[in-house]
Amino acid sequence: MPMLAMSGVRKAFGTNVVLKDINLAVDPGEVCCIIGPSGSGKSTVLRCINRLVTIDAGDVVIDGLSVIDPAVKDVDLRRRVGMVFQQFNLFPHMTALENVTLAPRKVRGLSADAANALGVTLLEKVGLREKAQSYPAQLSGGQQQRVAIARALAMEPKVMLFDEATSALDPEITGEVLAVMKALASEHTTMICVTHEMGFAREVGTHVVFMDGGLIVEEGPPHAIFDAPQAERTQAFLSKVL
Amino acid sequence: MRDAAPQLAHGFVLTLQIAFFGVIGALAVGVIGAAMRVSTSRAARVAATAFTEFFRNTPPLVQIYFLAFAIPKIPGIGPHLILPSIVAATLGLVLHQGAINIEILRAGLGAVPAGQREAAQALGLSRIDELRSVLVPQAVRISLPALGNNVISLFKNTTLVASIGVLDIFGEANDIIATILVSAELFLTVGVVYVICVALLGALFRALERKFALAR
């Protein structure tokens, strides 16, 4: 059974139809990279998965739970899905450790000690143990994004969503964030990454999806998409970005 | 003048008490009302909006008079609900300045970047935790300068309580003037006391703003 299955997903904001008919399956351990031009609906696909956006038609089933099932609570879905944002969205009034331990304490009900132990382990994992007591403003962009990854991992999610996680970073520091993402992929974390990093998609992705105009135009293994794209729009897009 | 000092000091203590309970009460009204203004429940939003519009848009003196003099006259409830003057006076200030705090905090909540809410939701936080742990702490920091102004406004508006016979520092001054007829020195003294207190409050809020400054 796939970890994530989207079928016939449609979403409009007012008269603007952002997703027309999205069908996508992601198996456990896969690293699915969604590429495509701005405004093609990539970020909206991610937001449908954890109900940050409610879909108009179709279904999204994540680890057996359907987003359109009213009996499935928001928290049930969101505990299974970690999300990393383009702008990091760390809580500026909390230290790095407090950012990471908030959800374990409030949502998973861990004690302060257990949450702190988990938080330190996760900050260690992203190489920022010594920054536990720093506030976001005292960290570089790359460090902030690594804290945000640790914060999402603290829910021990089944799937990690990355929404252009490196787009707000200076080119010379995207590497440190990509390295953390690569390490997660090597541990067989199921990941769905909206990305403009074609190198990452080709090297780390197991499944590449090209989206345009609210539709999946083409998908397949990285070598098929990057080396032998079939659709004209995929070819045109790749010729511009590669 | 020297004979007036103990009486003014007595009044000043009362002024501080009214201001203290007024500020705490108005802050509580502000936090609860602002949370209702952004609630998912339509009834809660409507109730909080109606409260804000009514108590912000009526003069605090009218509210204090109403609580002190009108409520006891309402058939049925009046005789059972006679508020002591000091309670009516403090409550009037709490309602008026609280309604203003609701507006201040609502605007502060609106100024917290949308990504903060998304991040809180994506982590699975409940609406209450999202407000309590993520949005309100940031909204309060954003709102600190405006909240400070409202505290200062409340402090000065405590003089309104004298008009229903509560002997705050201003009430005591009026009382003394009625017997010894030296108004200039007494009003000047009262004015200086307010200037000093407000300057101290201003300094306190500037210190709070520095301490809780939100670097982004």
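Computed over heavy atoms, backbone and side chain alike; hydrogens, waters and symmetry mates excluded. Predicted model only: the values in this text are computed from it and were never measured. Labels below follow one simple rule: chain letters A, B, ... track the order of the sequence lines, proteins then strands, and each chain is numbered from 1.
Annotation for B/F21: atom CZ does not count as buried by contact number, only 12 or fewer foreign heavy atoms lying within 6.0 Å. Enclosure of atom CZ in B/F187 by more than 12 non-hydrogen atoms of other residues, nucleotides or ligands within 6.0 angstrom is indicated. Other residues, nucleotides and ligands place more than 12 heavy atoms under 6.0 Å from the CZ atom of B/F69.
A distance of 8.0 Å separates CE of A/M94 from CD of B/Q138, quoted to the nearest 0.5 Å. For the atom pair CD1 (B/I128) and NZ (A/K106), the distance works out to 11.0 Å, reported to the nearest 0.5 Å. Summarising the geometry, atom CG belonging to A/D74 is positioned 11.5 Å from atom CG belonging to B/L125; distances are rounded to the nearest 0.5 Å.
Of the residues listed (A/R78, A/R51, A/R47), the one engaging B/E118 in a salt bridge (charged side-chain N to carboxylate O under 4.0 Å, His left out) is A/R47, and it is the only one.
For A/L90, the part sitting under 4.5 Å from any heavy atom of chain B is the backbone (N, CA, C, O) and nothing else. Proximity to chain A is limited to the side chain of B/R132, based on heavy atoms less than 4.5 angstrom apart. For a residue to count as touching a neighbouring chain, one of its non-hydrogen atoms must lie under 4.5 Å from one of that chain's; by this rule A/F85 touches chain B with the side chain only.
Residue B/A122 comes nearest to A/L52 through the heavy atom pair N-CD2, 4.2 Å, listed as atom of the first residue, atom of the second, then distance. Scanning both residues, A/L102 and B/V134, for their nearest heavy atoms gives CD2-CG2, 4.0 Å.
Residues A/P92 and B/R141 form no side-chain contact, since every pair of their non-hydrogen atoms from C-beta on lies 4.5 Å or further apart. The shortest side-chain heavy-atom distance between B/L123 and A/F91 falls under the 4.5 Å cut-off.
In terms of modelled atom types and a separation under 3.5 Å, the side chain of A/N89 and the main chain of B/G115 share a donor-acceptor contact. Using a distance-only test at 3.5 Å, with no hydrogens or angles considered, a donor-acceptor pair links the side chain of A/H93 to the main chain of B/S133.
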